[in-house]
Amino acid sequence: MVFRTYMDQALAEAEAASARGEVPVGAVLVSPAGEVVARAGNRTRELFDPTAHAEVLVIRAACEALGSERLPGYDLYVTLEPCPMCATVISAARIARLYYGASDPKSGGVAQGPRIFSHSQCHHVPEVYDGLSAAPAEALLKDFFAARR
């Protein structure tokens, strides 16, 4: 089986988020059959919702569409290392594989900070692959924040 990345679509969602004035983070959720079931960028400002991170939005959309609170076998592609909240949601949804681009030394929750998946209270740990399309993801974030300083 040949690996196919969906990070290009996640980057497109991050770019769209940036254009809306949101922190440029994008996510794509892929079914075990390789079909994109949800894609989103951050919408915290637009929705006045601090939980409206890209990861949460795609997981909510897929769970609603499938009528299930769990997504075993699904892959999640995110442009930035998930924060602790998102990492917890990823675990609760039983996502099989997490692929992310840029690391987040300030607010990350996977390889940085609290490292949610390493806690004994974490009931499910996805396979984690980092660094996919990290350079363009980092550039989007740096450009976004540089324009605001």
Side-chain angles (χ1 to χ4, degrees), residues 1-63 71-119 121-122 124-149:
M1 184 165 150
V2 175
F3 173 73
R4 175 172 181 225
T5 182
Y6 294 81
M7 196 58 80
D8 57 332
Q9 292 180 47
L11 286 164
E13 290 296 328
E15 290 170 359
S18 181
R20 294 189 303 271
E22 300 278 357
V23 174
V25 177
V28 174
L29 191 69
V30 180
S31 75
E35 299 169 356
V36 173
V37 295
R39 41 187 295 158
N42 278 357
R43 292 188 179 273
T44 60
R45 291 185 173 110
E46 177 185 340
L47 299 176
F48 307 107
D49 180 356
T51 69
H53 291 198
E55 302 94 310
V56 173
L57 294 174
V58 296
I59 290 170
R60 284 179 183 162
C63 286
L71 301 166
Y74 284 70
D75 294 344
L76 178 61
Y77 291 81
V78 187
T79 58
L80 181 65
E81 176 184 353
C83 72
M85 174 187 71
C86 291
T88 302
V89 172
I90 290 164
S91 175
R94 307 302 196 263
I95 299 293
R97 283 164 295 281
L98 167 64
Y99 300 90
Y100 69 86
S103 64
D104 189 353
K106 181 181 173 201
S107 300
V110 176
Q112 318 285 329
R115 300 175 189 199
I116 296 300
F117 301 140
S118 68
H119 288 264
Q121 295 92 344
C122 184
H124 170 76
V125 178
E127 295 174 29
V128 177
Y129 303 92
D130 63 351
L132 271 75
S133 301
E138 290 169 6
L140 272 172
L141 289 159
K142 286 178 182 176
D143 292 348
F144 177 82
F145 287 111
R148 277 149 182 73
R149 292 191 179 119

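Just the heavy atoms: all of them, side chains too, but no hydrogens, waters or symmetry mates, feed the values below. On a predicted model such as this, the values are computed, not experimentally measured, just so you know.
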The test is side chain to side chain contact (heavy atoms under 4.5 Å, CB included); show your working for S91 and V125 and say whether it passes.
CA-CA 6 Å; S91 175; V125 178; over 6 Å; no
Given side chain to side chain contact (heavy atoms under 4.5 Å, CB included), test L29 with Y6 step by step and report yes or no.
CA-CA 9 Å; L29 191 69; Y6 294 81; over 6 Å; no
**OP:** Would you check, one step at a time, whether the test side chain to side chain contact (heavy atoms under 4.5 Å, CB included) holds for V30 with R97?
**Re:** CA-CA 10 Å; V30 180; R97 283 164 295 281; over 6 Å; no
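A distance of 13.5 Å separates CZ in R43 from OG1 in T51, rounded to the nearest 0.5 Å. How far CD of E13 is from OH of Y77: 15.5 Å, rounded to the nearest 0.5 Å. Here the straight-line distance linking atom NE2 of H124 with atom CZ of R94 works out to 7.0 Å at 0.5 Å rounding. With rounding to the nearest 0.5 Å, the separation of CG in L80 from NE2 in H53 is 10.0 Å. Summarising the geometry, atom CD1 belonging to I59 is positioned 5.5 Å from atom CG belonging to L76; distances are rounded to the nearest 0.5 Å. Here I90 contributes atom CD1 and Y100 contributes atom OH; the two are 10.5 Å apart, rounded to the nearest 0.5 Å.
Residues V28 and R39 come closest through the heavy atom pair CG2-CB, 4.0 Å. In plain terms, the two heavy atoms of G21 and F144 that are nearest each other are O-CZ, 3.8 Å. The shortest heavy-atom contact between A54 and V25 is CB-O, 3.6 Å. For the pair A52 and L57, the tightest heavy-atom approach, listed with the atom from each and the gap, is O-CD1, 3.7 Å. Across all their heavy atoms, A14 and G26 have their closest contact at CB-N, 3.5 Å. The two residues M7 and V78 come nearest to each other via the heavy atoms CE-O, 3.4 Å.
In this structure, L71 and C63 have side chains that are in contact, with non-hydrogen atoms separated by less than 4.5 Å. Between M85 and V56, the closest side-chain pair of non-hydrogen atoms falls below 4.5 Å. Proximity of R45 to V23: side-chain heavy atoms (C-beta onward) are separated by under 4.5 Å at one or more points. Between V37 and Y74, some side-chain heavy-atom pair lies under the 4.5 Å cut-off.
The main-chain N or O of A111 is found under 3.5 Å from a side-chain atom of E81 such that the two form a donor-acceptor pair. Looking only at distances, no side-chain donor or acceptor of E55 sits under 3.5 Å from a matching main-chain atom of A87. Between the side chain of Q112 and the main chain of S103, no donor-acceptor pair closer than 3.5 Å is present.
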